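To keep things clear, I will list the structure first and then write my remarks on it.
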Amino acid sequence: MAHEIAHAAHDDVNAHGHDLAHGHDHGHGHGHDHEHGFSHPMPIWMLLSVFFALLALTGLTVYQSQFSLGNAEIWLSLTIATIKAGLVILFFMHLLWDKPLNAIVILGSLIFVALFLGFTMMDAEGYRENLIYRSTIRASQPGATGTEIDD
Amino acid sequence: MTAIQDSALTHDDALHGHHEHPEWLAHHFDDAEQQYDAGKFGMWMFLVTEVLFFSGMFCAYALLRNRNPEVFEYCSQFLNEKLGAINTGVLLFSSLTMAWAVRSAQLREYRLLIVMLGATLGCAAMFLGVKAVEYSHKWELGLLPGKFYVAQLGGHSLEHQGYLEYLCIVPLILTVSFFVYWIYSLVTKSSFHQQVAGPLFVAGLCFFGGVGLGQMLEAQEAAAHESHAGHEHAGHAHTEHTDHAHGSESATEATASLAGTASISETGLGPSEDVKVMKEALTTPNVDVNQKGMAGLFFSIYYCMTGIHAIHIIGGMVVITWLITKAARREFHEKYFGPVDNVGLYWHLVDFIWIYLFPLLYLIT
Amino acid sequence: MSVVDRPIVAPSTGEVQDSPEHHFLNHTHGFLSWALTLDHKRIGLMYLVGVMSSFALGGFFALVLRLHLWNFKDSWLTNQTYNQVFTLHGAIMVFLFIIPSIPAALGNFLLPVMLGTKDVAFPRLNLGSFYLWLTGLVLFLTALSITGLDTGWTFYTPYSIETQKGGAVLAATFGVFVLGFSSIFTGLNFIVTINTMRPPGMTWFRMPLFLWATYATSIIQVLATPVLGITVLLLAAERMLGIGIFDPKLNGDPVTFQHFFWFYSHPAVYIMILPAMGIISELMSVHCHKGIFGYRMIAYSSIAIALFGFLVWGHHMFTSGMADVTTIVFSALTFTVSIPSAIKVFNWLGTMYQGTVSLNTPMLYALAFIFLFTIGGLTGLPLGALATDMHFHDTYFVVAHFHYVMMGGTLVAFLGGVFHWWPKMTGKMFNDTWGMVSAAIVFVGFNLTFLPQFVLGSRGMPRRYATYLEEFQDLHRLSTIGSLLLGSGLVIALIVLMHSLFYGRKAPRNPWGGATLEWECSSPPPHDNFSSAPTVGDPYDFSGIEYDAKQGGYVKKA
Amino acid sequence: MQFPLADKVQAFAWFPDGASSFAPQVDWLFTFILWVCILFFVPMMAAMVYFMWVYRERPGYRGSTEALHNTPLEITWTVIPTAIAVYIFWEGAIGYLDMARIPKGTVDVNVTAKKWVWAFKYENGGENSFEKVGNADMPVLVLPVNRDIKLIMRSEDVLHSFYIPSFRVKRDVVPGRYNYMWFRPTKTGTFDLFCTEYCGDNHSNMLGKVQVLEEEEYKLALEKAVQEPEDPLERGKLLYKRLGCSTCHNAGSEGASGPGPSYNGSWGKEVPLETGAKEIFDENYVRNSILNPQSQARKGYGAASPMNSYAGRIKDVQIDALIEFMKSLQNEAPRAK
């Protein structure tokens with residue numbers, strides 16, 4: 001029966017189906033005409049190439065972790081991670097062909113994460129020197145209670 | 001997850017008889033595309049909440065890291081990059097199969113769809129298997145969160161606790177029952193049940209595959225460091241010393257950790273990335289890192305992040321199973337594949353999170 | 001574009017019977033038809049009952065507190081009991097009442113109807129979030145019956161880690177977690193509905209302002225609440241596993257907890273007040289029978305408040321030893337939020353100008369809101385300014401301030417909204433005279449309760465004190481008397497509503513002369529609000545909406 | 001009840017009279033904001049009531065239904081409040097920076113907060129005395145007038161907050177870190193000190209007095225602060241308050257009733273322990289309970305009220321003094337917990 005429905009509902013979906021499918025075609029030389037209305041199956045070659053790209057990047061990040069580059073290391077591996085995440089989002093999650101709204105939504109959320117981390121970190125950095133480290137306490141005062149320090 | 005079900009099946013919604021609507025189209029939607037868009041947009045919103053949910057733990061991580069970098073230097077020794085890398089690969093592959101599943105759903109390639117979903121399920125199980133090995137191994141070293149942290153410098157494992165066995169009980173029961181289910185489906189020759197039972201059973205096996213793989217790699221690590229066994233005693237001297245300083249915790253804790261030492265010094269060689277650790281520790285400037293408030297804090301964050309991530313994996317597995325049943329009923333087609341697509345999105349997000357967890361926890365020292 | 005099925009009532013034609021025999025209340029019968037309903041209107045009503053009961057509970061605790069504070073020492077509660085009572089008062093009011101009150105109860109009922117759709121996008125999810133809310137309620141009651149949640153509703157560490165009332169803390173944190181997700185799913189549902197399900201003709205700028213407010217609120221719910229979720233989860237883990245992230249004894253940092261907590265809980269303040277502003281926008285225009293002044297300004301300012309609301313959480317921590325830079329930045333951002341709120345108030349006043357003000361219960365509540373909310377907003381200034389905040393922080397000045405905003409604002413607007421849409425929801429008219437009496441008493445009682453607290457605070461009376469210095473006693477007694485008056489006002493309001501259920505006359509389709517879509521379907525609305533997509537016009541075009549004595553309500557004269 | 005405030009003239013004031021160098025600034029800013037508020041509030045409400053009346057619905061009157069929209073007006077009432085807000089923020093920030101920037105050459109006092117008592121330690125090592133208010137003993141912080149005071153504050157258990165209304169200063173005391181604040185008292189006299197961050201059962205009893213003295217009186221007070229009385233009993237009495245025992249244990253008619261056990265009539269008796277064993281309440285028991293409280297916790301007082309160890313913070317002579325003090329209480333009737 002699904003077929004009948006497909007045909008029944010054919011007309012009203014079609015108009016829309018068309019242009020999406022076309023935008024799609026130009027984009028990546030694949031994409032399925034109005035048979036599939038709003039569905040845009042991804043070509044297999046694309047899926048596979050994305051996957052292998054991801055594997056390669058994983059290998060790279062493991063490899064670079066062997067050298068201790070100090071602080072640069074963090075940024076390097078985070079950059080690689082971000083590239084990987086980008087691949088996943090754009091292709092596997094289909095964001096590239098999705099409604100812009102969804103893209104805005106997810107990017108917007110990242111802005112708020114940045115906000116949250118940003119302010120909290122900035123503050124922590126600011127009062128850092130006031131903090132009493134457990135380690136130093138331990139060294140200075142054996143057998144003292146929790147936050148006891150020597151005046 | 002409910003979001004998907006909502007936009008998807010509402011045929012049991014007897015209250016509103018809308019005979020004009022095909023049963024896969026909810027009564028309050030006008031057409032298939034509106035339903036699809038609503039479901040998908042809803043899922044993206046849900047992913048937003050997930051991102052912010054995890055951001056809390058990333059924030060905690062960042063705070064600890066910039067307050068006590070030395071802790072990370074020290075603790076990264078306990079994390080086995082190989083296992084992490086393997087798991088990353090497994091998750092990435094599961095993402096591939098998931099994306100492929102969406103394609104097959106759109107193209108009505110039902111066999112392939114079920115294979116792909118099954119593969120995703122299997123990868124998830126394998127991921128958990130490897131995690132089980134990691135966790136149990138850390139617990140035996142006493143690398144526990146916060147106030148339970150009792151690891152000693154030189155981190156000898158306490159005598160074999162069999163945590164891994166405990167972790168395997170539930171999967172074992174499940175696998176067996178899946179097996180029974182599968183046999184049943186073969187006997188009854190019900191193709192629906194076969195298509196559901198098959199993947200489930202395979203997934204069950206994959207878990208133990210993961211466990212096996214994990215132990216193999218841990219063993220390799222061990223072999224790699226046998227040579228350093230010499231440093232033992234130095235290690236002990238150190239241990240006792242730092243441990244007396246430990247008295248600072250409330251009396252009970254102090255005694256607890258002392259007891260810990262005793263039982264430890266009796267036991268001989270543990271799995272030996274310990275030894276590597278001990279060597280580190282001797283050279284580490286700040287010996288105090290090996291305490292509840294330092295390394296303990298790191299492992300708190302480690303367990304929170306990976307643990308909650310694992311819970312998401314399990315959640316995902318449940319929903320994928322649900323998809324397999326729908327796929328076995330041939331419910332999807334080019335106008336109704338929202339459920340596969342949305343679960344896909346969720347699954348990729350779980351992968352997305354891990355892509356960051358892996359370098360942050362395993363690689364960066 | 002939409003599928004046509006049996007027409008129920010053709011919208012916007014005066015003469016069809018206004019209280020049909022068949023509507024969503026009697027669509028199906030039996031307990032299960034409610035417990036398992038997917039109808040947003042029924043879910044809305046169930047929420048309404050739920051939040052009102054939790055408000056009653058919280059209000060009871062409030063009175064207990066006020067009565068205890070009658071004497072400056074040796075009053076009738078022990079310190080421990082007092083602490084537990086104020087904790088429960090706060091937690092119940094915030095998590096169980098204010099946050100779900102307008103969005104979940106009124107929003108659920110109104111959003112699809114105002115928007116002109118049959119239901120929200122995910123009806124099942126909608127029911128799910130109601131049951132999540134119930135679960136949260138149960139967990140809170142557990143915490144209450146274990147007696148001894150004594151951390152304050154803010155669960156500040158390390159006290160919440162060290163307190164002996166562990167069980168209660170756990171129950172409450174899980175309660176908060178569950179309630180959080182209930183609220184997230186509601187918000188998510190609303191956003192998706194508004195984005196994807198607007199009928200043809202319902203453009204963004206034809207949406208009633210209540211929908212704009214709800215939309216802004218939902219954004220906050222979706223973005224902020226997850227952080228609360230992880231925070232309380234970590235707190236629970238802190239208690240059970242001692243993960244130490246917030247515990248100074250393990251080199252954790254309590255101030256971090258405050259950042260985590262307020263990243264949600266300040267935006268939450270806007271979850272509470274934004275929908276209230278939306279309601280007032282509706283009430284003002286409908287009861288002045290005049291288009292809202294500066295529609296777009298109000299719409300934009302809702303969104304602006306929602307987004308700025310994320311940047312100001314630090315002003316709850318000015319004295320907690322934040323870095324100076326952070327403190328000053330947060331103070332500056334705090335003032336940016338004050339402007340859009342001010343604009344809204346001006347617009348409401350502008351709406352009255354040259355209108356036709358019909359003084360009835362909803363309108364009185366709306367006017368009370370403007371009075372109280374303005375005070376609440378203005379007293380925010382000395383708290384936002386750093387130098388003065390150093391003196392006022394954590395004193396009764398703060399208590400008075402946020403009660404003026406939360407209670408004088410949200411609660412009063414909520415009551416106004418309930419009275420305004422009561423005929424639509426139940427199909428019954430209430431006794432307007434007594435309704436106005438209740439509004440008057442609430443207004444007087446409220447000011448009598450909380451004005452003295454400003455003075456108390458500025459003269460140095462700290463909050464959360466079970467006993468206090470004798471010099472403060474007179475003002476406290478004044479406040480207590482006021483609270484009793486306030487309580488009685490609320491009771492009267494409740495009686496008026498209940499009375500209408502049994503003795504109220506049948507409500508017309510459009511009792512107040514509103515122009516938004518909900519007044520186009522009969523009262524109470526049919527099971528699926530609009531058989532065919534309604535004709536959408538300007539929601540604030542009141543021209544030609546005339547009172548019609550025959551119907552006892554307003555009808556649109558072409 | 002007499003009419004509120006009628007009996008107190010000064011009670012009409014918004015603030016307790018200011019006694020620190022910050023007070024004028026803060027009070028000025030507040031008064032300014034207050035007037036701004038009045039200037040906004042009164043006209044707005046007047047307009048509201050006026051519209052309510054002249055445009056009321058009545059027979060024969062029909063107002064317009066047109067939605068008004070007046071850009072110049074809207075811009076005005078956006079810009080003006082913005083300008084005012086910016087100014088208020090600016091003044092507030094300036095004032096805050098004064099409070100945050102600690103000057104050189106201050107008189108330093110170490111403040112230790114714990115449930116539910118303040119402890120002050122002066123530069124010369126002396127500790128605070130106590131003053132009897134009602135039946136509570138409030139720690140007294142003695143300060144010189146017209147000198148810059150710097151407080152170095154830390155907490156031993158949970159969050160507290162140090163608040164002196166008359167000085168218009170407040171700062172949280174956060175466990176796990178030092179917080180600092182400074183101020184300059186400008187008037188001699190005695191002022192209230194509150195804890196304003198909720199810290200548990202007796203939060204509202206965590207009060208204190210601040211005594212601002214002329215320079216030489218202050219010097220005398222400091223000298224007094226150093227010495228503990230020679231007589232062990234007297235010394236015990238003082239330590240009982242100074243070390244904060246009084247916040248959990250009552251002795252005679254003094255001290256909080258709980259969570260700790262009372263000292264009254266305990267000496268020499270046999271006390272049941274959490275472990276189930278019994279122990280004589282003697283020198284050794286007292287000493288051990290001070291240095292290692294959990295080891296011999298009394299029945300019903302173990303987990304319920306964990307006491308911190310005083311090891312490393314108390315001298316033997318002081319322990320002996322406390323023992324003397326407890327001996328002196330052996331005939332007191334125990335007070336119900």
Side-chain angles (χ1 to χ4, degrees), chain C residues 79-80 152 156 158-159 162 248 253-255 289-294 297 319-321 324 328 331-332 335 338-339 342-343 346 349-350 352-359 370-371 374 378 381-382 385-388 390-391 393-394 458-460 462 464-467 474-475 477-478 540 542-543, chain D residues 1 4-5 14-16 25-26 29-30 33 37 40-41 44-45 47-48 51-52 55-57 62-69 74 77-78 81-82 85 88-89 92-93 95-96 99-100 158-159 161 163 165 168-172 174-176 179 194 196-204 304:
Chain C
N79 290 358
Q80 290 84 337
Y156 268 13
Y159 184 73
E162 291 183 359
D253 178 7
V255 177
H289 305 283
K290 179 162 169 302
I292 190 84
F293 188 103
M297 272 308 238
T319 62
S320 71
D324 294 341
I328 289 172
S331 167
F335 280 94
S338 65
I339 304 303
I343 293 174
F346 293 133
L349 293 180
M352 295 175 80
Y353 178 67
Q354 287 185 348
T356 317
V357 183
S358 35
L359 284 179
I370 294 184
F371 184 96
T374 312
L378 289 172
L381 294 174
L386 287 168
T388 40
M390 290 301 124
H391 178 61
H393 203 89
D394 277 331
S458 59
R459 293 180 51 213
R464 295 176 165 182
Y465 262 29
T467 60
D474 302 335
L475 286 164
R477 293 192 164 179
L478 201 57
Y540 298 109
F542 294 91
S543 55
Chain D
M1 141 191 178
L5 313 182
W14 271 98
F15 289 120
Q25 200 173 6
V26 174
L29 181 56
F30 178 74
I33 298 176
C37 295
F40 271 89
F41 184 71
M44 281 164 69
M45 291 310 122
M48 188 172 87
F51 293 162
M52 199 169 89
Y55 302 124
R56 73 190 180 283
E57 186 177 29
R62 193 82 173 82
S64 96
T65 62
E66 270 314 296
L68 293 183
H69 175 72
E74 290 183 48
W77 70 35
T78 311
T82 314
I88 293 177
F89 156 72
Y96 174 78
M99 300 182 184
V158 299
L159 292 168
S161 189
Y163 175 38
R168 315 282 189 263
V169 289
K170 181 184 288 112
R171 194 77 162 164
D172 286 13
V174 182
N179 269 353
F194 298 110
T196 47
E197 189 64 72
Y198 173 65
C199 57
D201 291 354
N202 297 343
H203 170 51
S204 52

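A quick note: this is a predicted structure, and the numbers were derived from the prediction, not measured. Lettering follows sequence order; numbering is per chain, from 1.
Ranked by non-hydrogen atom pairs under 4.5 Å with chain C, the options A93(D), A100(D), G92(D), S204(D) are led by S204(D). Of the listed residues (S338(C), A385(C), G152(C), G321(C)), the one with the most heavy-atom contacts under 4.5 Å to chain D is G321(C). Contact count against chain C (heavy-atom pairs under 4.5 Å) is highest for I33(D) among I33(D), N179(D), V169(D).
Contacts between M99(D) and chain C at a heavy-atom distance below 4.5 Å involve the side chain alone, from C-beta outward. With a threshold of 4.5 angstrom between heavy atoms, L159(D) approaches chain C through its backbone and through its side chain. Proximity to chain D (any heavy atom under 4.5 Å) is shown, for P382(C), by both the backbone and the side chain. Contact of Q354(C) with chain D is made through backbone and side chain together, with heavy-atom distances under 4.5 Å. With a 4.5 angstrom heavy-atom cutoff, D201(D) touches chain C via backbone and side-chain atoms both. Heavy atoms closer than 4.5 Å to chain C are found in both the backbone and the side chain of F194(D). At a 4.5 Å heavy-atom cutoff, the contact between F293(C) and chain D is made by backbone and side-chain atoms alike. With a threshold of 4.5 angstrom between heavy atoms, M45(D) approaches chain C through side-chain atoms but not through N, CA, C or O.
Checked against side chain to side chain contact (heavy atoms under 4.5 Å, CB included), Y353(C) has the following partners two or more places apart in sequence or in another chain: F51(D), Y55(D), L68(D). Taking the ring pair (Phe, Tyr, Trp, His ring centres under 6.0 Å) definition, one finds that H203(D) meets it with Y465(C), Y198(D), sequence neighbours left out.
Checked by atom type and distance alone, the side chain of K290(C) never pairs as donor or acceptor with a backbone atom of G63(D) at under 3.5 Å. Distance alone, capped at 3.5 Å, places no donor-acceptor pair between the S320(C) side chain and the D172(D) backbone.
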#### Entry: Test side chain to side chain contact (heavy atoms under 4.5 Å, CB included) applied to R62(D) and T356(C), step by step
CA-CA 6 Å; R62(D) 193 82 173 82; T356(C) 317; 3.7 Å; yes
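Going from atom CD1 of I339(C) over to atom CH2 of W77(D) covers 13.5 Å, rounded to the nearest 0.5 Å. In this structure, L349(C) CG and M48(D) CE are separated by 7.5 Å, a value rounded to the nearest 0.5 Å. The distance from the CE atom of M52(D) to the CE atom of M352(C) is 7.0 Å, given to the nearest 0.5 Å. In this structure, OG1 on T374(C) lies 4.5 Å from CE on M44(D), to the nearest 0.5 angstrom.
At least one side-chain heavy atom of I328(C) sits under 4.5 Å from a side-chain heavy atom of F89(D).
Residues P254(C) and V174(D) approach most closely at CG-CG1, 3.9 Å, considering heavy atoms. When all heavy atoms of L381(C) and C37(D) are compared, the pair lying nearest together is CD1-SG, 4.2 Å. Considering every non-hydrogen atom in both P16(D) and R459(C), the closest pair reads CD-CA, 3.6 Å. Residue V26(D) comes nearest to A387(C) through the heavy atom pair CG2-O, 3.9 Å, listed as atom of the first residue, atom of the second, then distance. The two atoms that bring G200(D) and Y159(C) nearest to each other are CA-OH, 3.3 Å, heavy atoms only.
For F15(D) and H391(C), the ring centers are positioned less than 6.0 Å apart.
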